[in-house]
Trainee: 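Once you've had a glance at the structure underneath, I'll fire off some questions.
Quick note: residue numbers are just sequence positions, from 1. All values below come from the heavy atoms of this structure, side chains included, with hydrogens, waters and symmetry mates left out.
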Amino acid sequence: MSVSETPVTNDVSSWTDPTLDSVRGTETPKDPNKGYIALLGWSVNAIKAAQKFDRRYVVVAPEWAGDFCEANNIPYISWDFVRLNDRSMEIAERLKAEGVDVAIPLFEETVEWSGAINSVLMDNPRMYGQSILFRDKALMKRRAQLGGIRVGIFEEAHEKEDIIRFMKRVNQTLLKLDGDPDDPIHVKAFDKAGCLGHRMIRKIEEIDAIPDEEYPLLMESHLDGWEFAVEAWIHDGKIKFLNISEYVTLGYSVFVPATRELESWRNAITKQIEKLIKTFDIQFGLIHPEYFVASDGEMYFGEVAYRPPGFKAFELIERAYGFSAYQASMLVFDPKSTQEEVDAFFPREVVDAKGYAGCFGVYPRRRVVSKLEMPKETIEHPYFESHELVAPAEETVPDRSAFGTHWGLLFFFGDDPIVMRDLLKAQEDLDFYV
């Protein structure tokens with residue numbers, strides 16, 4: 001079956017989105033001399049960017065996306081991203097037969113798939129092994145260590161006793177005496193994105209709250225310092241654009257570009273990213289690493305992802321700079337992109353930003369809620385632009401497991417990074433669900 005997919009068996013017109021270029025007839029003409037790109041996973045914003053770009057594209061997404069794609073003239077191949085198995089080769093061979101040049105992962109769960117597919121499309125078996133390093137946090141940290149990159153202490157945990165032992169050993173290493181408060185440790189899922197499954201353990205008793213199904217886990221020592229993220233677009237092994245995203249509170253808020261204080265570390269951060277590129281042998285694509293700057297200026301590696309970051313960071317970068325971060329990824333992934341085209345695409349970091357774009361993830365602060373009520377302090381602030389919050393579906397707020405999942409995002413834009421930082425911090429004390 002060709003890319004223009006499943007035969008029409010039902011009326012899908014209710015799915016039509018009149019804002020899409022493919023519906024309006026305004027889609028950018030595709031250049032057959034440039035790469036043909038497969039987008040792995042589902043992102044309407046990525047599709048919109050692809051329609052405004054000059055590369056052919058196909059969306060590889062689960063079956064539920066079929067009706068929407070059919071109704072909106074979106075080239076689509078149905079594929080379920082269950083764990084890699086005996087059938088995994090099928091999608092790679094199908095894309096190769098279709099003439100696709102590269103597969104771009106849009107979500108954490110499709111990173112391994114992109115590695116497997118690209119190893120076939122580009123006839124480079126090492127790419128699959130490399131994608132495993134981006135998925136398995138313990139392997140990732142070992143590879144970083146081998147490359148001389150500073151990481152905290154880490155180990156895998158297969159059961160509760162492993163975490164107890166690790167916490168005691170870390171605190172013994174830190175020369176804690178009886179009665180001293182324990183230094184916290186972090187436990188994380190091996191292969192989930194961002195804050196999912198991430199817990200900070202301050203007391204041994206808290207280990208009991210971790211459900212059995214979350215094992216095995218990665219355990220790591222707590223790093224005191226300023227945590228930040230980077231989005232770096234790489235072409236031919238070199239950084240073409242490096243954005244520093246400043247976290248106000250991890251799991252709650254971020255803005256771009258960063259304050260002058262964090263931007264003052266740009267040279268040191270760039271050197272770290274170059275070391276990361278060399279250590280992980282990254283030739284192209286987008287990476288999203290997280291680091292800590294300690295008070296003595298030492299930089300510690302947290303982790304690195306090979307896909308767009310959460311918290312709509314791509315959309316924030318586009319708001320601040322005016323270029324599409326999704327198109328930037330298509331450009332650096334495409335093996336047919338030229339050096340000149342890549343260099344001409346990106347603006348200059350920081351100086352070409354039109355302002356500061358930030359977002360805040362809302363978590364209900366009450367146990368029982370009945371409605372969404374936007375606080376006046378938020379919507380009347382001149383930096384406030386929009387929100388994605390919806391009315392609560394149920395009144396009882398579920399307990400937050402670990403860092404939890406936010407209920408929606410607020411978006412802000414303004415010209416002062418300090419005002420932006422304070423504004424994002426202030427949202428933590430407001431009730432949006434009452």
Trainee: Within a reach of under 6.0 Å around CD of E161, are more than 12 heavy atoms found that belong to other residues, nucleotides or ligands?
Mentor: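 Enclosed.
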Trainee: Parallel, tilted or perpendicular, judged at 30° and 60°: which one describes the rings of W42 and F68?
Mentor: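 Perpendicular: the ring planes of W42 and F68 meet at over 60°.
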Trainee: Could you state the interatomic distance from CG (L242) to CD1 (I273), rounded to the nearest 0.5 Å?
Mentor: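 Separation between the atoms: 5.5 Å.
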Trainee: Any chance you could measure I418, atom CD1, to R260, atom CZ, to the nearest 0.5 Å?
Mentor: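 I418 atom CD1 to R260 atom CZ measures 9.0 Å (nearest 0.5 Å).
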Trainee: To the nearest 0.5 Å, how far apart are CG in D334 and CZ in R56?
Mentor: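 Rounded to the nearest 0.5 Å, the CG-CZ separation comes out at 10.0 Å.
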Trainee: Mark yes when over 12 heavy atoms from residues, nucleotides or ligands other than K354 sit less than 6.0 Å from its NZ; otherwise mark no.
Mentor: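 Yes, the 6.0 Å shell around NZ holds more than 12 heavy atoms from other groups.
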Trainee: Is S78 reaching over with its side chain to a backbone N or O of V60, donor-acceptor style, under 3.5 angstrom?
Mentor: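 Flag not set: sc S78 to bb V60 has no pair under 3.5 Å.
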Trainee: In chain order, what residues pass the side-chain hydrogen bond (donor to acceptor under 3.5 Å, both in side chains) check against D162, with sequence neighbours excluded?
Mentor: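 With neighbours one apart ignored, the set is R165.
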Trainee: Answer yes or no: does atom CZ of R126 have more than 12 heavy-atom neighbours from other residues, nucleotides or ligands under 6.0 Å?
Mentor: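 For R126, atom CZ is not crowded (no more than 12 foreign heavy atoms under 6.0 Å).
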Trainee: Assess the side chains of Q130 and Y306: does a donor N or O sit below 3.5 Å from an acceptor N or O?
Mentor: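 There is no such pair between these side chains.
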Trainee: I need the L389 CG to L410 CG distance, nearest 0.5 Å.
Mentor: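 L389 CG to L410 CG: 5.5 Å, rounded to 0.5 Å.
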Trainee: Count the heavy atoms belonging to other residues, nucleotides or ligands that lie under 6.0 Å from CZ of R169, then report whether that count exceeds 12.
Mentor: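 More than 12 within 6.0 Å, yes.
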Trainee: Checking E220 against K137 for the salt bridge (charged side-chain N to carboxylate O under 4.0 Å, His left out) test, could you report, in this order, the C-alpha distance in whole Å, the side-chain angles of both residues, the deciding distance, and whether it holds?
Mentor: CA-CA 11 Å; E220 53 190 15; K137 291 193 169 91; over 6 Å; no
Trainee: Residues in ring-ring contact (aromatic ring centres under 6.0 Å, His included) with F384, at least two apart?
Mentor: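 Testing F384 for ring-ring contact (aromatic ring centres under 6.0 Å, His included), a comparison that skips the adjacent residues, returns F412.
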Trainee: Looking only at atom types and distance, does a side-chain atom of S337 sit under 3.5 Å from a main-chain N or O of V342, one as donor and one as acceptor?
Mentor: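 Side chain of S337 to backbone of V342: no pair is present.
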Trainee: Is the shortest distance from a Lys or Arg side-chain nitrogen in E206 or R199 to a carboxylate oxygen in the other one below 4.0 Å?
Mentor: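 No salt bridge links E206 with R199.
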Trainee: How are the rings of H222 and H186 set to each other: parallel, tilted or perpendicular (split at 30° and 60°)?
Mentor: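 Parallel.
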Trainee: For the residue pair L39 and A46, what are the closest heavy atoms and their distance?
Mentor: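 Distance-wise, the nearest heavy atoms are CD1-O, 4.2 Å.
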Trainee: Do D182 side-chain atoms and K203 backbone N/O form a donor-acceptor pair below 3.5 Å?
Mentor: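 Checking the backbone N and O of K203 against the side chain of D182, no donor-acceptor pair under 3.5 Å is found.
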Trainee: Going by heavy atoms in the side chains, are Y356 and V419 under 4.5 Å from each other?
Mentor: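 A side-chain contact under 4.5 Å is absent here.
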Trainee: Partners of D343 by side-chain hydrogen bond (donor to acceptor under 3.5 Å, both in side chains), sequence neighbours excluded?
Mentor: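 Result, side-chain hydrogen bond (donor to acceptor under 3.5 Å, both in side chains) vs D343: K240.
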Trainee: I want to check something: taking the side chain as every heavy atom from C-beta on, are S114 and I104 in contact at a cut-off of under 4.5 Å?
Mentor: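 With C-beta onward as the side chain, the pair stays apart.
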Trainee: Does the side chain of E428 pick up a donor-acceptor pair with the side chain of T249 at under 3.5 Å?
Mentor: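 The answer is yes; a qualifying pair exists.
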Trainee: Show the numbers, then the answer: is there a salt bridge (charged side-chain N to carboxylate O under 4.0 Å, His left out) between R266 and E263?
Mentor: CA-CA 5 Å; R266 177 172 280 275; E263 280 291 345; 2.8 Å; yes
Trainee: Determine whether F333 and I37 satisfy the following criterion, side-chain contact (heavy atoms from CB on, under 4.5 Å), listing intermediate values before the conclusion.
Mentor: CA-CA 9 Å; F333 266 96; I37 285 155; 5.9 Å; no
Trainee: Do W79 and W113 have side chains that approach each other closer than 4.5 Å (heavy atoms only, starting at C-beta)?
Mentor: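 They are in side-chain contact.
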Trainee: Less than 4.5 Å apart, side chain to side chain, heavy atoms only: is that true for E112 and F81?
Mentor: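 No, side chains not in contact.
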Trainee: Verify the neighbour count for atom NZ of K168: are there more than 12 heavy atoms of other residues, nucleotides or ligands below 6.0 Å?
Mentor: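 Result for NZ/K168: open.
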Trainee: Quick check: closest heavy atoms across P347 and F323, and the distance to 0.1 Å?
Mentor: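 It is CD-CD2, 3.4 Å.
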Trainee: Between F411 and L316, is the side-chain contact (heavy atoms from CB on, under 4.5 Å) condition met? List the steps.
Mentor: CA-CA 8 Å; F411 295 95; L316 297 183; 4.0 Å; yes
Trainee: When you measure from the side chain of N171 to the backbone N and O of M167, does any donor-acceptor pair fall under 3.5 Å?
Mentor: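 Present.
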Trainee: Does R55 reach the main-chain N or O of L331 with its side chain, forming a donor-acceptor pair under 3.5 Å?
Mentor: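 No.
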Trainee: Using atom types as modelled and distance alone, determine if a side-chain donor or acceptor of D296 lies under 3.5 Å from a backbone N or O of E298.
Mentor: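 Yes, the answer is positive, given that a donor and an acceptor are paired below the 3.5 Å cut-off.
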Trainee: Do the side chain of E318 and the main chain of A325 share a donor and acceptor less than 3.5 angstrom apart?
Mentor: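 No; zero donor-acceptor contacts below 3.5 Å.
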Trainee: Using a 3.5 Å distance criterion without hydrogens, assess whether the side chain of R366 forms a donor-acceptor pair with backbone atoms of D431.
Mentor: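 Pair absent, no side-chain N/O of R366 close to backbone of D431.
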Trainee: On the 0 to 90° scale, with breaks at 30° and 60°, tag the F280-F301 ring pair as parallel, tilted or perpendicular.
Mentor: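 Correct class here is tilted.
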Trainee: So does D17 get a backbone contact from the side chain of N72, meaning a donor-acceptor N/O pair under 3.5 Å?
Mentor: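 Side chain of N72 to backbone of D17: a pair is present.
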Trainee: Quick check: closest heavy atoms across L218 and F154, and the distance to 0.1 Å?
Mentor: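 In this case the closest contact between L218 and F154 is CD1-CD1, 4.0 Å.
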Trainee: Can you find a pair of side-chain heavy atoms, one from F53 and one from Y326, that are under 4.5 Å apart?
Mentor: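 F53 vs Y326: side chains apart.
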Trainee: Going by heavy atoms in the side chains, are S253 and Q427 under 4.5 Å from each other?
Mentor: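 Not touching, per the 4.5 Å side-chain cut-off.
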Trainee: Find out whether P216 and E156 are in side-chain contact, i.e. whether some heavy atom of one side chain is under 4.5 Å from a heavy atom of the other.
Mentor: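 No, side chains not in contact.
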Trainee: What's the shortest heavy-atom distance between A103 and I117, and which atoms?
Mentor: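 Smallest heavy-atom distance, with atoms named: CB-CG2, 3.8 Å.
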Trainee: Give, for atom CD1 of I269 and atom CG of L276, the distance between the pair rounded to the nearest 0.5 Å.
Mentor: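 Here the interatomic distance stands at 13.0 Å.
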Trainee: Might you point out which heavy atoms bring F314 and L286 nearest each other, and give the distance in Å?
Mentor: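 Scanning both residues completely, I find the closest heavy atoms to be CZ-CD2, 3.5 Å.
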Trainee: Could you walk me through whether I163 and Y215 pass the side-chain contact (heavy atoms from CB on, under 4.5 Å) test, one step at a time?
Mentor: CA-CA 11 Å; I163 306 183; Y215 291 92; 3.5 Å; yes
Trainee: So, for L106 and S43, which heavy atoms are closest and what is the spacing to 0.1 Å?
Mentor: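 Looking at all heavy atoms of both residues, the closest pair is CD1-CB, 3.9 Å.
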Trainee: Parallel under 30°, tilted from 30 to 60°, perpendicular over 60°: which one fits the rings of F346 and F241?
Mentor: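 Geometry flag for F241 against F346: parallel rings.
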Trainee: Distance only, no hydrogens: is a donor on one side chain within 3.5 Å (strictly under) of an acceptor on the other, for E349 and Y321?
Mentor: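 No - no donor-acceptor pair under 3.5 Å links their side chains.
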Trainee: With rounding to the nearest 0.5 angstrom, report the CH2 to CD distance, W15 to E70.
Mentor: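 Separation between the atoms: 12.0 Å.
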Trainee: Please examine the side chains of E246 and M420, heavy atoms only from C-beta on, and report whether any two atoms are closer than 4.5 Å.
Mentor: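 Result no, sub-4.5 Å side-chain heavy-atom pair not found.
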Trainee: Go through it in stages, so that I can follow the logic: the residues are E108 and R135, the test is salt bridge (charged side-chain N to carboxylate O under 4.0 Å, His left out), and I'd like the CA-CA distance, side-chain angles, deciding distance and then a yes or no.
Mentor: CA-CA 8 Å; E108 184 66 29; R135 286 284 282 142; 3.2 Å; yes
Trainee: Would you check if the side chain of D101 reaches a backbone N or O of G35 as a donor-acceptor pair within less than 3.5 Å?
Mentor: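 Flag not set: sc D101 to bb G35 has no pair under 3.5 Å.
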Trainee: Does the pair V254 and Y247 meet the rule for a side-chain contact (heavy atoms from CB on, under 4.5 Å), with working shown?
Mentor: CA-CA 4 Å; V254 67; Y247 293 140; 3.8 Å; yes
